[in-house]
Every structure is written in structure tokens, then in C-alpha cells.
Amino acid sequence: GDVVPADLRLFEAKDFKVSEMALTGEPDDVAKTHKVKEKKDGAPEKLTPETMAFSGCSITSGVGKGLVVDTGMSTRIGRIAQLINGDAGARKTTCFC
């Protein structure tokens with residue numbers, strides 16, 4: 001299937017499922033929706049909200065449309081790469097003097 005090109009906030013989704021294995025390690029496909037559900041008191045916040053599709057995740061079924069909210073190193077997968085690299089957000093510069 002296709003790969004999500006950027007972090008997206010879904011505004012349309014029909015039978016939309018993605019594989020978030022790269023982010024969460026979860027082997028099962030995750031159903032996504034454009035419908036915002038009210039958070040219940042005391043319920044923990046989800047690591048990956050149902051209304052978001054994240055860069056690098058494979059689309060396994062359905063169709064969806066979304067608004068781009070992050071690209072490049074600002075995406076969830078980009079921030080993970082920065083943490084692995086030991087870069088907590090600081091920009092590294094190279095001097096070619």
C-alpha cells in the first residue's frame with residue numbers, strides 16, 4: 001500500500017487503517033477516523049490519536065484525506081530519529097572554515 005507522506009489530521013476517512021509498527025511496535029493495523037471522540041474522565045491519552053495518520057506509516061486499507069500538520073524532522077518519526085541521534089532539538093552546524 002501507500003505510505004503516509006507527512007503527519008496528517010484526518011478530515012475524511014472511510015474504512016481507513018494504517019500500520020503504525022514503526023512508531024509503536026504494534027503488529028496489528030490501527031483503524032483511523034475523522035470523528036473526534038470526547039475524552040472520558042480518567043482515561044489515559046492515546047500515544048497515537050485515532051484522528052491522526054503519521055508519516056512513514058503504511059496504509060493497509062480504505063481511503064482518507066487529511067491536513068498536513070508536520071513534515072520532515074518535525075513529524076513523530078522525525079522526532080524519534082532526533083532522539084536516537086542524540087539531538088534533542090538543537091541544530092547541528094558544520095563549519096567549513
Side-chain angles (χ1 to χ4, degrees):
D2 291 330
V3 175
V4 179
D7 286 359
L8 306 171
R9 165 65 168 82
L10 298 171
F11 60 82
E12 200 175 294
K14 183 175 180 182
D15 300 323
F16 192 67
K17 289 186 179 183
V18 296
S19 171
E20 293 182 339
M21 192 178 299
L23 290 177
T24 64
E26 179 68 36
D28 299 325
D29 296 342
V30 180
K32 297 293 181 172
T33 181
H34 64 284
K35 298 175 185 171
V36 178
K37 294 180 182 174
E38 190 172 322
K39 184 181 173 191
K40 295 178 183 172
D41 290 336
E45 187 174 333
K46 289 189 168 192
L47 180 64
T48 58
E50 292 176 333
T51 57
M52 295 285 296
F54 297 99
S55 177
C57 293
S58 298
I59 301 167
T60 56
S61 68
V63 292
K65 292 181 183 179
L67 179 67
V68 174
V69 295
D70 282 309
T71 61
M73 294 305 281
S74 297
T75 62
R76 289 266 175 113
I77 199 77
R79 286 183 278 171
I80 291 169
Q82 287 176 340
L83 290 172
I84 291 171
N85 223 9
D87 180 15
R91 290 183 173 214
K92 293 182 181 179
T93 57
T94 304
C95 179
F96 296 100
C97 308

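Taking CG from Leu67 and CZ from Phe11, the interatomic distance works out to 7.0 Å, rounded to the nearest 0.5 Å. Annotation: the span from Thr60 atom OG1 to Asp28 atom CG amounts to 10.5 Å, rounded to 0.5 Å. Atom CG in Leu10 sits 8.0 Å away from atom CE in Met52 (nearest 0.5 Å). Atom NZ of residue Lys32 and atom OG1 of residue Thr51 lie 7.5 Å apart, to the nearest 0.5 angstrom.
In this structure, Thr24 contributes its side chain and Met21 its backbone to no donor-acceptor pair below 3.5 Å. Thr33 places no side-chain N or O within 3.5 Å of a backbone atom of Glu50 that could act as its donor or acceptor partner.
Residues Ser55 and Asp7 share a closest heavy-atom pair of N-OD1, 2.9 Å.
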Stepwise side-chain contact (heavy atoms from CB on, under 4.5 Å) test for Phe16 and Ile59: CA-CA 8 Å; Phe16 192 67; Ile59 301 167; 3.7 Å; yes

Intermediate values then yes/no, side-chain contact (heavy atoms from CB on, under 4.5 Å), Val68 and Leu8: CA-CA 5 Å; Val68 174; Leu8 306 171; 3.6 Å; yes

Evaluation steps, side-chain contact (heavy atoms from CB on, under 4.5 Å), between Leu23 and Cys57: CA-CA 8 Å; Leu23 290 177; Cys57 293; 3.9 Å; yes

Glu26/Thr48 under side-chain contact (heavy atoms from CB on, under 4.5 Å): CA gap, chis, key distance, verdict: CA-CA 11 Å; Glu26 179 68 36; Thr48 58; over 6 Å; no

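Cluster annotation: Val3 is not connected to Val30 through the hydrophobic network of ILVMFWY side chains, with a link wherever side-chain heavy atoms come within less than 4.5 Å.
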